[in-house]
**Student:** 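Below is one structure. I have some questions about it.
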Amino acid sequence: MMNRFDDMPFFGDEPEPAPQRAVSGGSIAARAMAQRDAARAAPDYLDGLNPEQREAVETTEGPVLVLAGAGTGKTRVLTTRIAHILATGRAYPSQILAVTFTNKAAREMKERIGMLVGGAVEGMPWLGTFHSIGVKMLRRNAELVGLKSDFTILDTDDVIRLIKQILQAESVDDKRWPAKQFAAMIDGWKNKGLDPAQIPEGDARAFANGKGRELYIAYQNRLLTLNACDFGDLLLHPIRMFKKHPDVLKEYHERFRYILVDEYQDTNTAQYMWLRLLAQRSSPRSFSPREGGMPGRAEGGAPRRNASDLPPSVASGDISPSRGEINKVNICCVGDDDQSIYGWRGAEVDNILRFEKDFPGAKVIKLERNYRSTGHILGAAGHLIAHNEGRLGKTLFTERFDPEHDKVQVHAAWDSEEEARAVGEEIEQLQRAKHKLNDMAILVRASFQMREFEDRFVTLGLNYRVVGGPRFYERLEIRDAMAYFRLVCQPADDLAFERIINTPKRGLGDTSVRALHDYARARDIPMLAAAADMIETEELKAAARKSLFNVVTDFRRWQSLLENTPHTELAEQILDESGYTAMWQNDKSAEAPGRLENLKELVRSMEQFESLRSFLEHVALVMDAEKNEDMDAVNIMTLHSAKGLEFETVFLPGWEEGLFPHQRSLDEGGRSGLEEERRLAYVGLTRAKRRAHIWFVSNRRIHGLWQSTIPSRFLEELPLEHVEVSESQNSNYGGYGRNPYGQSRFDKQEPFQNTYSTPGWKRAQANRTDATRDNWGSRSGHQVERIGYGESGPRAKTIPGELVAKSTVDVPSQFSVGDRVFHLKFGNGNVSAVEGNKLTVDFDRAGQKRVLDGFVERA
DNA sequence: GACATTGCTATTTTT
DNA sequence: TAGCAATGTC
């Protein structure tokens, strides 16, 4: 057997099994902590924990589910728990498996554990993301799944290029069946833990005239030939390995005494399977993922009420916790079902809803004491989320309720421009009151919303930062440079080869590359090797051969330098000698200097790694952007990327039907889609510590067309007692034709009205009933049921799926060129062109605009 | 190989 | 509308 753990440093350096509460052996830090523990009744790391948190920390044995609401000290519990396990000598650092989703979370956890236990955290090799731990396991035993231990990790971009090649090879029309789409399908299957043989027949047929399965197989084969993995494989290969080689799994079972999982509500089926295998101490029966559709995410859109209605899951069917031995597993999952917002990416809320069934005898601890937000914010968020049915049910509370705190403010604006302007004013107002911009965030549903705010802030000269977006390692020049490095380290990396063989231009165009490709495929050798061969043959033109000869000798030279040259030096050398640096130096375009700067930064960032190889590994998994937190700036980001963050003041624009909840979620996800949107709203609100401002507009431009919009149903789900509706005084919301550029409402000291009866609100309501009168029900065929709730608050109205008029071209317009029309926003004008139901109108005052005919009437 | 033209699509995003 | 990607033209 190749899985010899004894040559793994972290397996060999400590006695095994760990003695319970032993004070001898183990790391010095752990020993010191244990001694201190013995000396004192309650170690000081437990200070300041509330009773529930303390229980979550101290219940170390058996399965534990910590339901940690927003702002209830989740990370603190997780890190203190680990510190506690170490300090009491229950396990050595290397016997704890602690998994997170993001590198950021892993880093943060490591840091905070370090603060509690000092250097012992360095001995925790199994603290990391699902993927990085997966890689670690795979590198150890790669040959068991047909890989070599130096396999490459492909990112999304590589994967798409690879699939393109496969589609071409199989002569699939990649216009009709885009590679991107197939990459998404494969990703989806892998999220569910499905091998080609296990994908649902329907899925297999749905792509490329039924070739789905075949192509998936071809893709997997290609990956093996390339000695490469995609992200999904980093989990699936270990799962396969565990299933095929119980002895390997057993070693891990003996190794991990404690398993901790962060953000459990975000785990997908594959991650769940992986965890179950590792958590399963009794000898597992043969195990295969369930065939057919995915569990959980409602196929028919039927709402899932509670865990007991759930269909037999992947795991409970196949690796059931037999004979109660599962109880021995000390697994602790921390999560919040109300913050599950990644269902669309394969996350299974059911995993958390089902925990107690999966782990009989599990202890469930709820953390509901919130340390972040004011009572009003919690009240509003709690009332909103209570409209969801598929939840475990928590109610956050705070002990510092202060009637002086602001209620959640709901604002109406005429259009997105005014929305941005008003938010800008509010921010400046806060700024004048000495609030820091860093403490404010604008959280949008979709990134196109950001632009309006950016424009406005540029005009105002207000600092802002966009969080998320394109990352450093995704930039063109970085990916090119990385391809060079990859190819030097791994001559078989054909994807890297193809990426850079003609970058910079070397006269090796499509024809040469195709010839190389064919030659390589025919002989089953890497393209770089093929290139070396083809220098000798007559197949290519002399110029191309010469060029190829140079490239091949370059790579040979660089490879020979790999072991003995400092890697930063080698990297610079590669970039210079390949002509890549020169290429950008000669480039006259505006972005060229920036790209050169990025390349320098890339080399600089390599310094902290010991070799080119370890750097490559880091980049493949830890794609992190640099951030400038020293600047005081307003944060702009999507609601998704705001999860886990907190701000004094949060602005939540765009609460309109169709945008939020997003139409597509409604159409594609039905009821569960709506609930996920609602959780997103909940996440948004609970990011706020003191102030939350929600906005909705009555007109928004979508794809260049102005559309009338309706306030989000979520607004109606907010409780009156915690919400204040304040219409900006200068808003000409509903008041046609008034100058929107009036004085700021902050200049007037009129008190905001705090009921739902302001004229604007009423108009919004009227607007809503009009627009929703017909077309009941969404495309997916179900209606959204009435969501009733007792006590106070407005009655929830039922809002159907199709609220925003669709811009369907096939509906002929009732208008024709020359008609005189009236539009709410733009006034009177003449129709100058008609295209389906889209009109081009020359407005008397507003100029030429394109509008949907539903929004104009005959003048 | 550089540049213009056409066509298409249009959430959320980590690893 | 706008931004991108994949063609077409010289």
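In what follows, chains are A, B, ... by sequence order, proteins preceding strands, each numbered from 1.
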**Student:** Within this structure, what is the CH2-to-P distance between Trp706(A) and dT1(C), rounded to whole angstrom?
**Tutor:** 13 Å

**Student:** Please state whether the rings of Phe609(A) and His618(A) are parallel, tilted or perpendicular, taking 30° and 60° as the class boundaries.
**Tutor:** tilted

**Student:** Gln271(A) and side chain to side chain contact (heavy atoms under 4.5 Å, CB included): which partner among Ile239(A), Asn191(A), Leu235(A), Asp266(A)?
**Tutor:** Leu235(A)

**Student:** Arg506(A) has an atom CZ; how far is it from atom P of dG1(B), in whole Å?
**Tutor:** 12 Å

**Student:** For the side chain to side chain contact (heavy atoms under 4.5 Å, CB included) test, which of Asn388(A), Ile341(A), Ile385(A) pairs with Tyr682(A)?
**Tutor:** Ile385(A)

**Student:** Work out how far the P atom of dT12(B) is from that of dA5(C), and round it to whole angstrom.
**Tutor:** 15 Å

**Student:** Just to be sure I understand the rule, does Lys164(A) reach a base, reach only the sugar-phosphate, or reach nothing, if contact means heavy atoms closer than 4.0 Å?
**Tutor:** sugar-phosphate

**Student:** Hey, is the side chain of Arg700(A) poking within less than 4.0 Å of OP1 or OP2 on dT1(C), counting only N and O atoms?
**Tutor:** no

**Student:** Using the ring centroid of each side chain, check whether Trp344(A) and His662(A) are separated by less than 6.0 Å.
**Tutor:** no

**Student:** With sequence neighbours excluded, tell me which residues meet side chain to side chain donor-acceptor pair (under 3.5 Å) with Lys190(A).
**Tutor:** Gln220(A), Asp230(A), Asp233(A)

**Student:** What distance, rounded to whole Å, do you find between the two P atoms, one in dT13(B) and one in dA2(C)?
**Tutor:** 22 Å

**Student:** With the sugar-phosphate defined as primed atoms, P, OP1 and OP2, and the base as all remaining atoms, what B/S/- string results for nucleotides 7-14 of chain B, 5' to 3', for protein heavy atoms under 4.0 Å?
**Tutor:** ---BBBBB

**Student:** Which side chain to side chain donor-acceptor pair (under 3.5 Å) pairs, counting each pair once, include a residue from residues 441-455 of chain A, with sequence neighbours left out?
**Tutor:** Ser416(A)-Glu452(A), Arg445(A)-Glu677(A), Glu454(A)-Tyr464(A)

**Student:** Take atom CG of Asp266(A) and atom C1' of dT15(B), then tell me their distance rounded to the nearest Å.
**Tutor:** 13 Å

**Student:** Using atom CZ of Arg161(A) as one end and atom P of dA5(C) as the other, report the distance to the nearest whole Å.
**Tutor:** 13 Å

**Student:** Toward the 5' end of DNA chain B, which comes first, Phe130(A) or Gly509(A), by nearest nucleotide?
**Tutor:** Gly509(A)

**Student:** Any luck finding a side-chain donor-acceptor pair between Gln265(A) and Glu263(A) under 3.5 Å?
**Tutor:** yes

**Student:** Can you tell me the distance, in whole Å, between the NZ atom of Lys180(A) and the P atom of dC4(C)?
**Tutor:** 11 Å

**Student:** Write down the distance between CG (Asp157(A)) and C1' (dT15(B)), rounded to a whole number of angstrom.
**Tutor:** 15 Å

**Student:** Given atom NE2 of His237(A) and atom C1' of dT15(B), what is their separation to the nearest angstrom?
**Tutor:** 15 Å

**Student:** Atom NZ of Lys505(A) to atom C1' of dA2(B): distance rounded to whole Å?
**Tutor:** 10 Å

